[in-house]
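Have a look at the structure below before the remarks.
This is a predicted model, so every value here is computed, not measured. Letters A, B, ... mirror the listed sequences (proteins, then strands); counts begin at 1. Side-chain atoms are counted along with the backbone in the values below, which use heavy atoms only and exclude waters and symmetry mates.
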There are 2 protein chains.
Amino acid sequence: MKESKVPTLKSIAEKLNISVTTVSKALKGYSDVSPVTRQKVLDIAEELNYTPNSIAVNFRTKQSKTIGIIIPEVVHHFFSSIINGVIEEAERQNYFVIILQSNENKEMEKKQVELLISKRVDGIIMSLSNQSNDEDYLKKIIDRNIPLVLIDKISKLIDCSKVIIDDKKAAFDAVNHLINIGCKKIAHIRGPLNPQNSIDRFLGYKTALDHHNIPFDSSLVYPCKRVCYEEGYDFTKQLMNDHPDVDGIFAITDLVAVGALTYLNDQQIKIPNQVAVIGFSNWFMSSVISPKLSTIDQPGFKMGAQAFLLLKEEMESMRNAGKRVCKTITLNTDLIIRESTSK
Amino acid sequence: MKESKVPTLKSIAEKLNISVTTVSKALKGYSDVSPVTRQKVLDIAEELNYTPNSIAVNFRTKQSKTIGIIIPEVVHHFFSSIINGVIEEAERQNYFVIILQSNENKEMEKKQVELLISKRVDGIIMSLSNQSNDEDYLKKIIDRNIPLVLIDKISKLIDCSKVIIDDKKAAFDAVNHLINIGCKKIAHIRGPLNPQNSIDRFLGYKTALDHHNIPFDSSLVYPCKRVCYEEGYDFTKQLMNDHPDVDGIFAITDLVAVGALTYLNDQQIKIPNQVAVIGFSNWFMSSVISPKLSTIDQPGFKMGAQAFLLLKEEMESMRNAGKRVCKTITLNTDLIIRESTSK
DNA sequence: GGTGATTTCGAAATCGTTTTCGATTATGAA
DNA sequence: TTCATAATCGAAAACGATTTCGAAATCACC
């Protein structure tokens with residue numbers, strides 16, 4: 001094995017018989033080093049293929065230049081889109097991103113938070129699990145003065161910056177669209193009772209009904225626990241038994257909507273003529289399923305990018321002013337009309 | 001703003017009027033510190049909520065305890081499954097994972113490699129872009145003695161550890177299955193010409209034909225460039241024009257197969273009776289599409305987990321023996337039979 | 001040539017932890 | 001008591017880069 005040592009400032013300094021200080025200054029463009037010396041340093045650095053030891057720089061500057069993001073799961077169209085946005089923007093700003101998963105589990109989420117804290121990341125982006133709300137480990141992030149941005153799955157009880165969509169309005173748009181194409185009896189396969197966006201989408205559903213003077217019927221609302229394909233299928237089955245005259249379904253997310261579509265297809269129930277279906281989130285899947293699924297486009301990538309920018313603002317504010325920004329950014333959603341609601 | 005300093009070894013030492021050395025030793029369980037002192041140290045550490053500054057530890061031990069993974073894209077069922085496997089196993093072993101994307105672009109991939117090298121990660125896992133083969137930046141990783149594991153999209157020309165599936169055998173199984181259910185004229189919508197697994201799957205296709213004495217017809221092979229849904233749709237259209245009597249399609253990946261299914265559905269072509277279709281990879285989507293898609297299950301999660309374990313072996317071998325392991329692990333695939341090939 | 005200003009450089013401290021090695025004290029045996 | 005041994009602790013160096021501060025050398029100007 002070769003003794004090819006990794007080059008350091010010292011190696012360069014020794015080769016030129018000058019001090020480490022001067023080498024450092026030359027490389028960083030300080031004004032108190034002569035052009036001649038600077039050039040010699042640059043040449044040797046180039047020759048040795050020198051790159052600063054970023055672990056040492058991190059140590060010295062007390063910044064890890066790394067942020068952490070905790071999400072429920074990676075293998076998920078929306079969350080992976082968020083990750084994509086975060087790491088693209090982070091890379092542009094010279095930050096690395098550590099990804100951790102909570103698996104929708106509160107204990108796991110707590111563990112991940114503590115891991116990130118102990119590893120001294122510069123900031124944290126989180127999308128909460130369905131179980132969590134104002135947990136003490138979230139407050140710990142605040143107490144420790146660690147920059148924090150919540151994204152999409154937020155808690156109203158935690159005082160920090162947030163990147164969200166207007167779930168209530170988006171849900172309103174979806175249900176309003178169903179009503180506009182003639183649906184009279186619309187069911188809602190909703191999410192769990194705890195998460196904020198599940199609540200807001202339910203409220204949007206209700207508001208749209210109100211707006212068109214359609215009486216709200218709680219027996220038309222089915223709450224998912226795991227928010228999965230199977231629940232979409234099973235609840236639709238149950239729904240069609242309970243209310244054979246239902247003519248519209250608004251599902252909390254595309255995955256559930258696809259489950260609904262599958263049941264309706266299996267039963268030869270005409271979509272959208274007998275039952276129209278609209279989902280939420282605009283997963284890739286929804287544009288290749290048959291019939292193609294109408295949905296609400298939720299800009300995951302953009303949300304991720306925004307979240308990083310906001311986190312950076314938080315990090316700078318904390319460093320300079322010692323206090324948080326606590327800004328909430330609300331991004332627009334779009335109603336995507338496809339076959340499942342095109343009568 | 002409070003002056004709540006982050007506790008260090010020094011804070012503890014000062015509080016107890018002992019040396020930093022002893023505190024460090026007490027916390028690390030050295031034998032040359034008395035039980036009494038140790039307990040006092042542990043108590044104070046507990047009280048101050050001390051956690052070691054891992055940036056300092058990294059600096060001291062010259063290990064970042066962080067690995068990097070470069071993949072073509074995050075928003076992708078298979079690759080996100082790999083990531084999931086890597087980070088789960090890495091977390092168990094106390095490592096962090098940095099994720100970077102090449103976007104199937106060679107220049108980007110090069111940039112990402114250099115970024116990871118300059119940031120001094122302890123090891124790198126890579127799934128190559130379609131453009132890359134034995135690029136010089138890959139050799140640079142080898143030259144710099146950085147542990148490397150290639151996963152799934154590998155290059156035979158780079159000498160390092162690898163985690164793969166037997167693409168040729170898996171493709172053979174898929175096509176063999178088509179033949180067994182009675183297909184006589186089977187088309188292959190293949191991947192680009194460069195990537196190894198695209199080549200191997202093509203070879204598996206050819207071998208299966210040979211094995212059943214079906215003559216190979218190169219006009220039945222359509223090469224994708226971007227390996228996307230649209231190509232699956234368009235090539236199937238072209239295929240059905242060129243060869244109306246084709247009765248089986250083997251697609252390089254589920255995404256392409258779903259494009260094929262959609263075209264066939266649009267044209268009211270019966271699946272699988274007129275044309276049977278099989279994909280590759282077992283994306284979630286393929287089990288909810290109609291008809292449900294037969295495919296080859298590619299164990300992304302397991303591959304990711306294995307890749308990390310192998311990388312760890314590489315890291316230890318490099319540290320201790322100064323040389324690479326260069327082991328190749330081949331994981332099993334499963335033939336998943338669903339509606340699209342159930343005559 | 002003398003004075004002050006400017007240019008150019010380097011010594012040294014610092015960040016927090018780990019580890020080596022030596023010093024000191026206590027203990028035990030003779 | 002004496003000497004050897006064991007038990008316990010701490011000083012100091014090291015990791016690599018950055019930055020402050022002061023020293024030295026050069027220059028400009030009268």
So if I define the base as every atom that isn't primed, P, OP1 or OP2, how would nucleotides 15-23 of chain C read as a B/S/- string at a heavy-atom cutoff under 4.0 Å?
BBBBBBB--

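Between E89(A) and R92(A) there is a salt bridge, since at least one side-chain N of the basic residue sits less than 4.0 Å from a carboxylate O of the acidic one.
The nearest whole Å value for the distance from the CG atom in N58(A) to the P atom in dT18(D) is 11 Å. Taking atom CD on Q63(B) and atom C1' on dG16(D), their separation rounds to 17 Å, with Å as the unit. Distance CG (L27(A)) to C1' (dC9(C)): 15 Å, rounded to an integer number of Å. dC9(C) atom P lies 11 Å from atom CG of L16(A), rounded to whole Å.
Within the nucleic acid shown, I18(B) comes within 4.0 Å of sugar-phosphate atoms alone, with no base atom in reach, counting heavy atoms only. Across all strands, S31(B) comes closer than 4.0 Å to no nucleic acid atom at all (heavy-atom distances).
Applying the side chain to side chain contact (heavy atoms under 4.5 Å, CB included) rule to P72(B) yields the partners F79(B), S102(B), E104(B), S127(B), K153(B); only residues at least two apart in sequence or on another chain are considered. Among residues two or more places apart in sequence or in another chain, the side chain to side chain contact (heavy atoms under 4.5 Å, CB included) test is passed with V121(A) by T66(A), L116(A), I124(A). For the side chain to side chain contact (heavy atoms under 4.5 Å, CB included) test, no residue two or more places apart in sequence or in another chain qualifies with N17(A). In this structure K162(B) satisfies the salt bridge (Lys or Arg N to Asp or Glu O under 4.0 Å) test with no other residue, sequence neighbours excluded. Partners of K62(B) according to the salt bridge (Lys or Arg N to Asp or Glu O under 4.0 Å) rule, which considers only residues two or more places apart in sequence or in another chain, do not exist here. Taking T61(A) as the reference, nothing meets the side chain to side chain donor-acceptor pair (under 3.5 Å) condition, with sequence neighbours excluded. Evaluation of the ring pair (Phe, Tyr, Trp, His ring centres under 6.0 Å) rule for F96(A) yields no partner, not counting sequence neighbours.
Terminal axes of the helix from dG1(C)-dC30(D) to dA30(C)-dT1(D) (five pairs each, C1' rotation axis) are separated by 60°, to the nearest 10°.
Regarding contacts with the backbone of dC9(D), a side-chain N or O of S34(B) is found under 4.0 angstrom from either OP1 or OP2.
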